[in-house]
Amino acid sequence: KGTLDLTSEPPKATTLSALKDIGFTDPAAAIATVQAWQHPKSGGLRARDARDRVAELAPALLDALSRSGDADLGLRAFDRLLTRHSQPIELLAILRSHPDLLELISQILGSAPRLADLLGRRAHVLDALLEPAFFGELPSDADLAARLGETLSMAADAEDVLDRARIFGQEQLFLTGVRVLAGTVSAEAAGQAFARLAEQLIKALYQAVTGWIVAAHGAVPGMRTAVIAMGKLGGREMTAGSDLDLILLYDHDPNENASDGPRPLTGSHYFSRMTQRLISALSAPTSEGVLFDVDLRLRPSGRSGPVATHIDGFRAYQTKEAWTWEHMALTRARVIAATPGFETEVSEAIRRVLTAKRPAKATLADIVDMRRAIAEDKGDEDRWDLKYVRGGLIDIEFVAQALQLVHGARHPDILDTNTIRVLDKAAAAGLLKPSDGDALRSACRFYQRLTQILRLCLVDVFDPKTAAPGLKRLLARAGELPDFATVDAHLAEVQKQVRKAFESIVGPL
């Protein structure tokens, strides 16, 4: 392969050839990047010790990057990490003395741009990877709540609360993502972990926002509020790229319709302001970035409706006006933050809607129409569009939702926000043929394993023609199959089985 001489100017032909052999498509650019570390214009590399350490590390780094998904991409990401870091000496020392960590970081930099960007802004999270227990159990709700509470308690003002919440969220997302990439947690466990993180952040910011609103406008007598999670968060099936589908419901003393503070607001305006403040707390960009994208389209009356809904209005709308697709969405609704005692009332209101008797034939016809409309809007031909492809994840989710809407009145025990658990319960109740149940559950897990990797590694769509070899290897490992070609072929077969089950259970398309 030749010898790596990274100091010669111009580069030696043997060095260029060696880098080409190990996977760098632009060896000259790689050498230029490494040499630039010895002539920094700013940052921590201006220190002689830092330049010496990076020179020592460079050959091992290039070797490790050659085994990542994309060596050139990985080196560019490492360059950003190094040049952004104000004190890179400690980082370089850690990587020099921990070859396994260097290998893992190279994998992240070369195949997971989303995580690489987080690492570039939060390099100190590497310290957590050195803890002996890091790759053991994921943090519990109590652990996350305690750590987040301690972090936010040090905030100097409201803006600092938002910044600290973003730092905490990004760091925890990175640490969970590393476990997924390393293969030490299952896709299902990762989905639950991402959801737990989102829930704790929502709870903390919901409490903070409530306090800020009360301080500014007082309280509406008898007020009660609840934040409802829908979609992937509701089902605890989140990925690193999931947005948040949320609804806010409220109630207050029917005889009082204004807050009692120095700048009073009427009831509907008050709770709309609270909701907007919460959405901003979760999604507005600050100097520390964005926490989550938030989607309110699933609220009653959709985009045209108010951002906060009175509990009585919610009941009336769901009973008299909501379409079948809105009841489908409601199967994944779950209260995640609420005034004490209000959660029970809201959960019961949701349950009553889902256990109401409804005509099976008309309901299934609506669901088939909805699936057709989505196919026309999104397309269903791309095999690697795992959500919308014919026989994809949305087919499985629609089956689970159809089973609940059609059978919820007689079999309320099958209700669950999680897709796989619904299929388990429906099969146990005899509402799903064993063969269909096995095929759908197996397919759902398969899709979730692949999706977790894709959402960690890509911001754009996946194209197997241009995908890096390292990413394809990760997908093969996630799919528990020997290579990417086998994954691709298996995917086509799974999609046929899912579509066959969908048409058997819901109806032909």
Side-chain angles (χ1 to χ4, degrees), residues 148-149 152 155 157-166 169 198-231 233-234 243-286 290-317 333-347 349-350:
L148 179 57
L152 298 186
D157 51 32
E159 184 177 351
D160 196 22
V161 168
L162 302 189
D163 285 341
R164 287 175 180 272
R166 280 151 180 71
E199 285 175 43
Q200 293 304 324
L201 286 161
I202 291 168
K203 286 179 181 179
L205 291 174
Y206 161 77
Q207 290 177 347
V209 164
T210 301
W212 298 336
I213 292 291
V214 170
H217 303 287
V220 178
M223 74 180 206
R224 301 184 296 166
T225 53
V227 180
I228 302 174
M230 312 279 278
L233 175 56
D243 59 10
L244 305 181
D245 293 295
L246 300 175
I247 294 175
L248 188 131
L249 299 184
Y250 67 89
D251 190 19
H252 57 78
D253 185 335
N255 298 316
E256 301 284 350
N257 194 40
S259 62
D260 56 11
R263 289 181 290 158
L265 297 173
T266 59
S268 59
H269 190 192
Y270 183 94
F271 295 107
S272 291
R273 178 73 59 85
M274 178 183 290
T275 304
Q276 289 161 347
R277 191 77 185 268
L278 176 61
I279 301 313
S280 178
L282 289 165
S283 63
T286 75
V290 172
L291 196 51
F292 295 104
D293 290 326
V294 178
D295 191 341
L296 295 177
R297 287 177 296 176
L298 294 178
R299 67 187 186 270
S301 302
R303 294 180 182 180
S304 62
V307 295
T309 305
H310 192 285
I311 182 67
D312 291 342
F314 174 80
R315 290 192 188 100
Y317 180 84
R334 184 168 58 86
V335 180
I336 56 173
T339 304
F342 196 38
E343 176 180 355
T344 302
E345 185 174 337
V346 172
S347 298
I350 294 169

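Rounding to the nearest 0.5 Å places OG1 of Thr275 at 10.0 Å from CG of Leu246. In this structure, CZ in Arg277 is found 10.5 Å from CE in Met274, a value given to the nearest 0.5 Å. Separation of atoms CD1 (Ile350) and CD1 (Ile228) is listed at 4.0 Å; rounding is to 0.5 Å. Between the OG1 atom of Thr286 and the CD atom of Glu159 there is a distance of 7.5 Å, given to the nearest 0.5 Å. Atoms CG and CG, on Asp243 and Asp295 in that order, are 5.5 Å from each other to the nearest 0.5 Å. With rounding to the nearest 0.5 Å, the separation of CG in Leu265 from CG in Asn257 is 11.0 Å.
Nearest heavy-atom pair, Arg166 versus Leu291, reported as atom, atom and distance to 0.1 Å: CA-CD1, 3.7 Å. Of all the heavy atoms in Gly261 and Pro264, the pair that sits closest is O-CD, 3.4 Å. Closest heavy-atom contact between Leu201 and Gly169: CD1-CA, 3.9 Å. The two residues Val290 and Ser283 come nearest to each other via the heavy atoms CG1-O, 3.5 Å. Closest approach of Ala198 and Leu244 over heavy atoms only: CB-CD2, 4.1 Å. The minimum heavy-atom distance linking Ala308 with Ser272 is given by the pair CB-N, 4.1 Å.
Within the structure, salt bridge (Lys or Arg N to Asp or Glu O under 4.0 Å) pairs that include any residue of residues 333-344 comprise Glu199-Arg334 (at least two apart or interchain). The salt bridge (Lys or Arg N to Asp or Glu O under 4.0 Å) pairs that include a residue from residues 209-221 number zero, where partners must be two or more places apart or lie in different chains.
Partners of Asp163 according to the salt bridge (charged side-chain N to carboxylate O under 4.0 Å, His left out) rule, which considers only residues two or more places apart in sequence or in another chain, do not exist here. With sequence neighbours excluded, no residue forms a side chain to side chain donor-acceptor pair (under 3.5 Å) with Asp293. Residues forming a ring-ring contact (aromatic ring centres under 6.0 Å, His included) with Tyr250 (at least two apart in sequence, or on another chain): Phe271, His310. Remark: Arg315 pairs with Asp312, Glu345 by the salt bridge (charged side-chain N to carboxylate O under 4.0 Å, His left out) rule, at least two apart or across chains. Residues satisfying the salt bridge (charged side-chain N to carboxylate O under 4.0 Å, His left out) criterion with Asp160, sequence neighbours excluded, are Arg164. A search for salt bridge (charged side-chain N to carboxylate O under 4.0 Å, His left out) contacts involving Asp253 returns nothing, not counting sequence neighbours.
Using a 4.5 Å cut-off on side-chain heavy atoms (C-beta onward), His252 and Tyr270 make no contact. Side-chain atoms of Thr309 and Tyr317, non-hydrogen and from C-beta on, never get closer than 4.5 Å to each other. Side-chain contact between Ile279 and Val307 is absent, with no heavy atoms from C-beta onward closer than 4.5 Å.
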Report all side-chain donor-acceptor pairs from residues 204-222 shorter than 3.5 Å, counting only partners two or more places apart or in another chain.
| unit_1 | atom_1 | unit_2 | atom_2 | d |
| --- | --- | --- | --- | --- |
| Tyr206 | OH | Thr225 | O | 3.3 |
| Tyr206 | OH | Thr225 | OG1 | 2.6 |
| Tyr206 | OH | Thr339 | N | 3.4 |
| Thr210 | OG1 | Tyr206 | O | 2.8 |
| His217 | ND1 | Arg263 | O | 2.8 |
| His217 | NE2 | Arg273 | NH1 | 3.4 |

